[in-house]
Structure formats: C-alpha cells, structure tokens
Number of protein chains: 2
Amino acid sequence: MTRRDEIVRHAGELFRKKGYARTTVRDIGEKVGIQSGSLFRHFVSKEEILLAVMVKSIDDVIAVIKSELPKLETTSERLRTLIRIELCAILNQLGEGFILSVTEWDYLSDDGKAAIAPHVERYNAVWADILQEAQTSGLIRIDNSVLRELLRGATRHVPAWFDQDGPISLDQLVDAIFEMATVRQ
Amino acid sequence: MTRRDEIVRHAGELFRKKGYARTTVRDIGEKVGIQSGSLFRHFVSKEEILLAVMVKSIDDVIAVIKSELPKLETTSERLRTLIRIELCAILNQLGEGFILSVTEWDYLSDDGKAAIAPHVERYNAVWADILQEAQTSGLIRIDNSVLRELLRGATRHVPAWFDQDGPISLDQLVDAIFEMATVRQ
DNA sequence: GTCTATAAAGTGATAGAC
DNA sequence: GTCTATCACTTTATAGAC
C-alpha cells in the first residue's frame, strides 16, 4: 500500500467521522503519522484528497455490484441486493467514503464536481436499470426516479440512527427498506 | 419585528443555503445590513444564532401541526398531513431552518444540543403518536420507529433533488411518500 | 445599538534544509 | 519524502468611541 493510499484511507475515515470542513490537514497528517506539510507532496490540495476518497469509494462499490448482481436471477433479488450493498457502503463496510459523495458534494469546486460526475453517473445508472426492470415487472409502486431519491435519502440517513450492534440487524433493515419500496406480492 | 428576529430570519436563510460552517458572521451582518461586530450585542455567539433559528423553526412547525391535525378524522389523513407538513417545513415553506436541526446537529456544542433537545423531542413525539396509531390500525407495514427514520431520511434529502417548479408537484410527492409508507388498502 | 479596529486563534499551503 | 518554520488569509469575538 502506497503512502498515497494510506492518506486516502485515513482521510476518508476522518471526513466521515467529522465531516470534510472540520477535518484539518493537520488532523490528517497526525493520523497518517507525518507532518501536514508533507501531505502536499502527495496531493496538491485538501480537495484533491477528498476527490481521491470519493472516486475510490464509488468505484469499489460499483465493482462489488458488478460482481454480485449478474449471479442473481430475479429482479426482486437484484433490487434487494442493491439495497444491501448501498447500505453496507454507507455504513462503511465497503469502501471508506461512499457517503461523502452525497454529504460533502457542496464542498467541491466546479472542477471537482466535474471530475467526480462520471463515477456518480455510473453508479446511478446501475440503480436506474434495476428500478426500470422493477417498474416493468410491477414490483414497485411509484415513479422510479422519485423512488430512487426517496430510497437514497432513507439510506443516506441510516448512519444517524442505526446501531449495527443494536436490536435490529442489517438484514432486517434491508428487509424493511425493500418492503417499503415494493408492492406486497 | 425586532432586530433579533431579523437576524434570526436572515441567518436561517444563509445557514440553509450555504450551511452553518460556511456562513460567516460577516455574511450575516451584511445580509442584515450591520457590521458583524454588532451581531454580538444581540447574541453572545454564532452558535446562539443557530440555536435561535432551530428553536423558532421547530416550534413554528409544531404549532402548525397542532392546529391542523385535530381537524382530521382518520389516521390516514393525519399521517398524510404530517408528511405534507414535514415536507413544507423542509422545503422552507414553513419556518426558516427546520431542516437545520437535522443537518447541522453535529455542529452544536453539548450545551447547545441539550438546549434544543426538548423541542426536537416534542416534534418526534407527534410522529411517534401518529405512527403508533397507524401501526395499530394496520396502515403501515414495518416497525414504526424504523419507518420513522426511513421517512425522515427520505424527506430530509428532498431539497437535494426536488424542484418545486419541476414536473412533479408537491402533492404528488406527498402521495408518493404516503404510498411508500403505507399498505395498499 | 452601531461603528471602526483589532485581538487571538486556526486554516490551507509553501519554502528550503536534510 | 519528510521535517521545521512560516506565510497569507480567514475566522469568531472583543474594545472602546460615538
């Protein structure tokens, strides 16, 4: 693992925990074990570190999706799995900063947004495909683009209240979201 | 309207638009039409301004709920209305910073959180009551505390994608959320 | 109650030695 | 490639005149 990777990993953890704005380059340096000034031999700016975290996280999650979904035979299974993967990603069991591409979007410069956009769009396309399938087969009840955003909001908010060691398991949470999204059949 | 009220109103608008962290006291002063230093004759700190925005917003929304819900006769109508009011609040058609009590929660000091908590709890209690009713009458399908958080996430995320002048009306959005939350009957 | 001016602290980023 | 040291700037908040 290169130093650059190491910085991305630690920065991702800090950004998630404290938010991008409240994480200083000194925090990142301390976590990595180097001085803050040394970070700038690896990245030209703090924003570039955020971008690297976002890109890696999104791409990691897409890779998992591409490897898992083709195995599944029904639309219902694919939708349920997609919900599960998004939840794992958001709960940081996959990648390290997936959620940041939603929560910290506004902190990016225009150039930064443009750099991330293709990755975000690839991820969105996966969801659009599955929801299109689900709508065609009558699995979901409401407009699929509206449903996508309602589900994105629901999953995005999960870290604020869900305790992985609490009374509800991750599987139960996936079931609840799937149940909410779909028609009872 | 007192100067204090004026500050709260303008600060709320800025906090919503740019976020608390990126809004400076200079921004607020400029908007109000006074120097930043003068703000501190009305509030002891920037955080106290945020607290005032939050408290006012939450209390305004609770007041609307208390005036509208008792008129309604069915659980279904009450739940739908509660969803509509939360959406209006989050879209800033009610109060000025309702959503801030969710999005900017982490920026509060411990004392700040303690000051807001009773107001948030009163709001949560309204939802808990209605969802309890809905669960008893079989209107909703999943655990009501889980459903509450899924819906809170869904509505909280709405400003990020919903355009009030776009193709979908607010009423249609309320319908979609209600449809998602409830059993088809 | 507002102004001007500034204190005190923190920020991202750079320079140059090693 | 990391260090030390620091620049240039921004931030919240204060002091004292009016």
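Naming: A, B, ... by sequence-line order, numbering from 1 per chain.
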Nearest-Å distance, CD (A:E47) to C1' (C:dT11)? 16 Å
Measure CD1/A:I7 against C1'/D:dT2 and give the value in whole Å, please. 11 Å
Would you please test B:F98 and B:L91 for side chain to side chain contact (heavy atoms under 4.5 Å, CB included) and show each step? CA-CA 9 Å; B:F98 180 76; B:L91 292 168; over 6 Å; no
Assess whether salt bridge (charged side-chain N to carboxylate O under 4.0 Å, His left out) is satisfied between A:K31 and A:D27, documenting all intermediate values. CA-CA 6 Å; A:K31 196 101 177 181; A:D27 292 334; over 6 Å; no
Output the rounded distance in Å from CD (A:Q35) to C1' (C:dA17). 15 Å
CD of A:E30: more than 12 outside heavy atoms within 6.0 angstrom? no
What is the separation between atom CG on A:L51 and atom C1' on C:dG12, rounded to the nearest whole Å? 16 Å
More than 12 heavy atoms from other groups under 6.0 Å of CG on A:D163: yes
In terms of heavy-atom contacts, does NZ of A:K66 have more than 12 from other residues, nucleotides or ligands at under 6.0 Å? no
Whole angstrom is fine here: how far is it from CG in A:L39 over to P in C:dT14? 12 Å
Using a strict heavy-atom distance below 4.0 Å, which residues from residues 12-34 of chain B are in contact with DNA chain C? B:I34
So, does B:R41 get its side chain near the phosphate of D:dA13, meaning an N or O under 4.0 Å from OP1 or OP2? no
To the nearest angstrom, the CZ-C1' distance between A:F40 and D:dT4 comes to 16 Å
B:E68 and B:T81 side chains, donor-acceptor separation under 3.5 Å: no
Under-4.0 Å side-chain N/O to phosphate OP1/OP2 contact, B:S38 with C:dC3: yes
Once you round it to whole Å, what is the distance between P of C:dT11 and CD1 of A:I49? 15 Å
Quickly work out the B:R3 CZ to C:dC3 C1' distance and round it to whole Å. 13 Å
